[in-house]
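Heads up: the structure comes next, in structure tokens.
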Amino acid sequence: MVTFLINGVLWTCLLLYEVSKHPYSFSVIHWTFFLLFFFFAAIVQYMNNEFPWIDYRSDSVLIRANLILTLWTFGVIVGQNTRTLMAKRKSRLKEKLTSRIECNHIMATVAIAMIIALVRVKTIGLSNLLSRGTSSYSVSDNGAISMLIEKCMQATSYFSTAIIVLAYKKRKCGLGAMIVSMGCLLIAYPPTGIARYAAAAIYLGILLTYSEKLKKENIFIFILLGAFSFVLPVLNAFRNLAFNEVDLFETLKDITDNFSTMWLAGDYDAYTMLTLAIDHVSTNGVTWMRQLVGVALFWVPREIWKNKPVGSGYFIADNLGWAFKNLSCPLPGEAYINLGIVGVFFFAFIIGKIMKFLDSCYWYQNNKDDGQISVLYPVTMIMFFFMCRGDLLSSTAYMVAYTVVGFIMCSINKSDFNRKI
């Protein structure tokens, strides 16, 4: 309990410090995740002596897990407060990220959003799009290719809308264009018809792109907690059922009645998976970066790379001989399973540097609020919450897909687009 409380106080102070600087940021997302999953959920699981997937964890394992989280915390702090020798490259990337979007091709951007909505309606059906249980559609026999195409279409629909929203704020397009693009996004990817992380990233991302109030008042953290505690659990009801089969009133009642026990469910398994990563390393040793190589080369098909690493959550479950393998693996667990204690500090240091750089680009360099970072930052920031839970393999693939599509959509709306073509 002492190690839990030390971490809880530390993360609370860090979260309050980051919120005092900016209402939302990658750092705010990071410390919010740690408080929810590694303190609040972990405390509830410990007090009930019941952890997702397993019934019991010894105090020695929990203490070790908490000390690893403390080390991660200091690694992030060091990473955010030290300079490196990459200043020249970082300045070039910052210049790229903050370069202006002129919004010169509004009609083409709206047309792209409309085409994706029409394709989705044609292939899946309007009523089927309303529920995740009926909205799945495979465009290829290869699951990885099908998933890649789907994520790229989803990202294209999002960025088309986000750019139109930004253009409307800058008075470069009318209200009609924004309504059409938002309507196309809602038709193609309604919140009830897509994965919860995608629903949160897309619609909170649009909200952050549009609202100036959220940039000035500290209310985003409450929106995030409300979405996490109630909205996302409601969306989970549409995971396996058709839209008309879901009783929203009953779903809300179940969430309210079982609010204290829902923290024992598999959705909150990040702390458990960290302890299982510790067990795995104690028994089998570290993987010496093999898992991370799989993340870096996620785009290589398994048909070519037969022994390509699987996600770390799947990897741990497979080694335990479990039938169910769709498990998370949080960032500290990924670090520990790759390089042990050294990996925890190294990973945390890198994550701290990346968060500091991206937050700096958005809040300090983008004073005119019309750079590429304006539409890239909100959606990737929300997706980072789910990257913190992991596993790193799938979340990195989705993050890269969104980022690449975002840069392409931003390029379409630049004045030199025709010359580039």
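A quick note: this is a predicted structure, and the numbers were derived from the prediction, not measured. For this chain, numbers begin at 1 and follow the sequence in order.
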> What residues, two or more places apart in sequence or in another chain, satisfy salt bridge (charged side-chain N to carboxylate O under 4.0 Å, His left out) together with Glu334?
Replying inline: none
> Looking at Cys152 and Ala401, what are the two nearest heavy atoms and their distance?
Replying inline: SG-CB, 4.5 Å
> Does Glu150 pair with Arg120 as a salt bridge, N-O distance under 4.0 Å?
Replying inline: yes
> In Å, rounded to the nearest 0.5 Å, how long is the span from CG of Leu186 to CD1 of Ile179?
Replying inline: 12.0 Å
>> Can you give me the closest heavy-atom contact between Leu376 and Thr380, atom names plus distance?
In response: O-OG1, 2.7 Å
> Are any non-hydrogen side-chain atoms of Leu358 and Met381 less than 4.5 angstrom apart?
Replying inline: no
> So, the side chain of Ser131 versus the backbone of Gly193: is there a donor-acceptor pair under 3.5 Å, distance only?
Replying inline: no
> Tell me, do Phe220 and Val19 make a side-chain contact under 4.5 Å, heavy atoms counted?
Replying inline: no
> Do Asp391 and Ser328 pass the side-chain contact (heavy atoms from CB on, under 4.5 Å) test, and can you show the C-alpha distance, the side-chain angles, and the key distance before you say yes or no?
Replying inline: CA-CA 5 Å; Asp391 62 28; Ser328 70; over 6 Å; no
>> What's the separation between atom CD1 in Ile341 and atom CG in Leu67, rounded to the nearest 0.5 Å?
In response: 8.5 Å
> Do Leu392 and Ser395 have side-chain heavy atoms sitting under 4.5 Å apart?
Replying inline: yes
>> Between Lys353 (side chain only) and Thr82 (backbone N and O only), is there a donor and an acceptor less than 3.5 Å apart?
In response: yes
Donor-acceptor pairs under 3.5 Å, side chain of residues 68-78 to any protein atom, not counting sequence neighbours: which ones?
unit_1, atom_1, unit_2, atom_2, d
Thr70, OG1, Asn7, OD1, 2.6
Thr70, OG1, Asn66, O, 2.9
Trp72, NE1, His30, NE2, 3.1
Thr73, OG1, Trp11, NE1, 2.8
Thr73, OG1, Leu69, O, 2.8

> How far does SG of Cys388 sit from CZ of Phe26, to the nearest 0.5 angstrom?
Replying inline: 9.5 Å
>> To check you understand the geometry: which heavy-atom pair defines the closest contact between Gly311 and Leu393, and what is its length?
In response: N-CD2, 3.5 Å
> Is the shortest heavy-atom distance from the side chain of Leu224 to the side chain of Ile29 under 4.5 Å?
Replying inline: yes
> Where is the tightest heavy-atom contact between Ala397 and Phe298, given as atom of each residue plus distance?
Replying inline: CB-CD1, 3.5 Å
> Do Tyr189 and Ser157 come within less than 4.5 Å of each other through their side chains, counting heavy atoms only?
Replying inline: yes
>> Working note: Tyr271 + Thr275, criterion side-chain contact (heavy atoms from CB on, under 4.5 Å); need CA distance, chi angles, decisive distance, verdict.
In response: CA-CA 6 Å; Tyr271 188 75; Thr275 64; 4.2 Å; yes
> What pair of heavy atoms forms the shortest contact from Pro330 to Phe38, and how long is it?
Replying inline: CB-CZ, 3.6 Å
> Is the centre of the Tyr46 ring less than 6.0 Å from the centre of the Phe51 ring?
Replying inline: no
> Cut-off 3.5 Å, side chains only: do Gln154 and Tyr402 have a donor facing an acceptor?
Replying inline: yes
> Taking the side chain as C-beta and beyond, is there a heavy-atom pair between Ile351 and Lys356 under 4.5 Å?
Replying inline: no
>> Does Trp288, at its CH2 atom, have more than 12 non-hydrogen atoms belonging to other residues, nucleotides or ligands within less than 6.0 Å?
In response: no
> Looking at the rings of Phe39 and Phe4, which for Trp means the six-membered one, are their centres under 6.0 Å apart?
Replying inline: no
>> Working to the nearest 0.5 angstrom, can you tell me the gap between Ile202 CD1 and Leu204 CG?
In response: 10.5 Å
> When the ring centroid of Tyr197 is compared with that of Tyr398, is the distance short of 6.0 Å?
Replying inline: yes
> Does the side chain of Tyr158 pick up a donor-acceptor pair with the side chain of Tyr203 at under 3.5 Å?
Replying inline: no
> Would you say the side-chain atoms of Thr161 pair up with the backbone N or O of Ser181, donor to acceptor, closer than 3.5 Å?
Replying inline: yes
>> Under a 3.5 Å cutoff, is there a donor and acceptor pairing between the side chains of Tyr377 and Asp359?
In response: yes
>> Run the side-chain contact (heavy atoms from CB on, under 4.5 Å) test against Thr287 and tell me which residues pass, sequence neighbours left out.
In response: Arg290, Gln291, Phe315, Ile337, Asn338
>> Testing the basics here: between Cys329 and Ser312, what is the closest heavy-atom pair and its distance to 0.1 Å?
In response: SG-CB, 3.7 Å
> If you draw a 6.0 Å radius around OH in Tyr168, do more than 12 non-hydrogen atoms from other residues or ligands fall strictly inside?
Replying inline: no
>> Checking the side chain of Lys215 only, and the main-chain atoms of Leu208 only, is there a donor and an acceptor separated by less than 3.5 Å?
In response: no
>> Restricting to salt bridge (charged side-chain N to carboxylate O under 4.0 Å, His left out), what partner residues turn up for Lys21, sequence neighbours left out?
In response: Glu18
> Does any donor atom in the side chain of Ser58 or Ser60 lie under 3.5 Å from an acceptor atom in the other side chain?
Replying inline: yes
> Who pairs with Arg57 by salt bridge (charged side-chain N to carboxylate O under 4.0 Å, His left out), at least two apart in sequence or on another chain?
Replying inline: Asp279
> Can Arg389 and Asp269 be said to form a side-chain contact (heavy atoms from CB on, under 4.5 Å), step by step?
Replying inline: CA-CA 9 Å; Arg389 179 174 180 255; Asp269 65 349; 3.1 Å; yes
> Just wondering, do Leu327 and Ile316 contact through their side chains at under 4.5 Å, heavy atoms?
Replying inline: no
> Has the side chain of Gln80 got a donor or acceptor atom that lies under 3.5 Å from a matching backbone atom of Ser27?
Replying inline: no
>> Please verify the inter-ring angle class for Trp31 with Phe34; under 30° counts as parallel, over 60° as perpendicular, anything in between as tilted.
In response: perpendicular
> Within the distance-only criterion (no hydrogens, no angle test), does the side chain of Lys325 pair as donor or acceptor with the backbone N or O of Tyr314 below 3.5 angstrom?
Replying inline: no
>> Is it the case that atom CZ in Phe222 sees more than 12 heavy atoms from other parts of the structure closer than 6.0 Å?
In response: no
> Measuring from Thr32:OG1 to Tyr24:OH, what's the distance to the nearest 0.5 Å?
Replying inline: 14.5 Å
>> Could you check whether atom OH of Tyr17 has more than 12 heavy atoms from other residues, nucleotides or ligands sitting under 6.0 Å from it?
In response: no
>> I'd like to know whether the aromatic ring centres of Tyr336 and Phe347 sit less than 6.0 Å apart in this structure.
In response: no
>> Tell me whether Trp299 contacts the main-chain N or O of Ala296 through its side chain, where contact means a donor paired with an acceptor under 3.5 Å.
In response: yes
> Taking the inter-plane angle between the rings of His22 and Trp363 on a 0 to 90° scale, is it parallel (under 30°), tilted (30 to 60°) or perpendicular (over 60°)?
Replying inline: parallel
>> Let me confirm one number: the CD1-OG1 distance from Ile164 to Thr209, rounded to the nearest 0.5 Å.
In response: 12.5 Å
>> side-chain contact (heavy atoms from CB on, under 4.5 Å), that's the test. Do Ser211 and Lys216 meet it? Break it down for me.
In response: CA-CA 10 Å; Ser211 177; Lys216 299 173 183 177; over 6 Å; no
> Which residues satisfy the side-chain contact (heavy atoms from CB on, under 4.5 Å) test with Thr156, sequence neighbours excluded?
Replying inline: Ile112, Ile116, Ser160, Val405, Met409
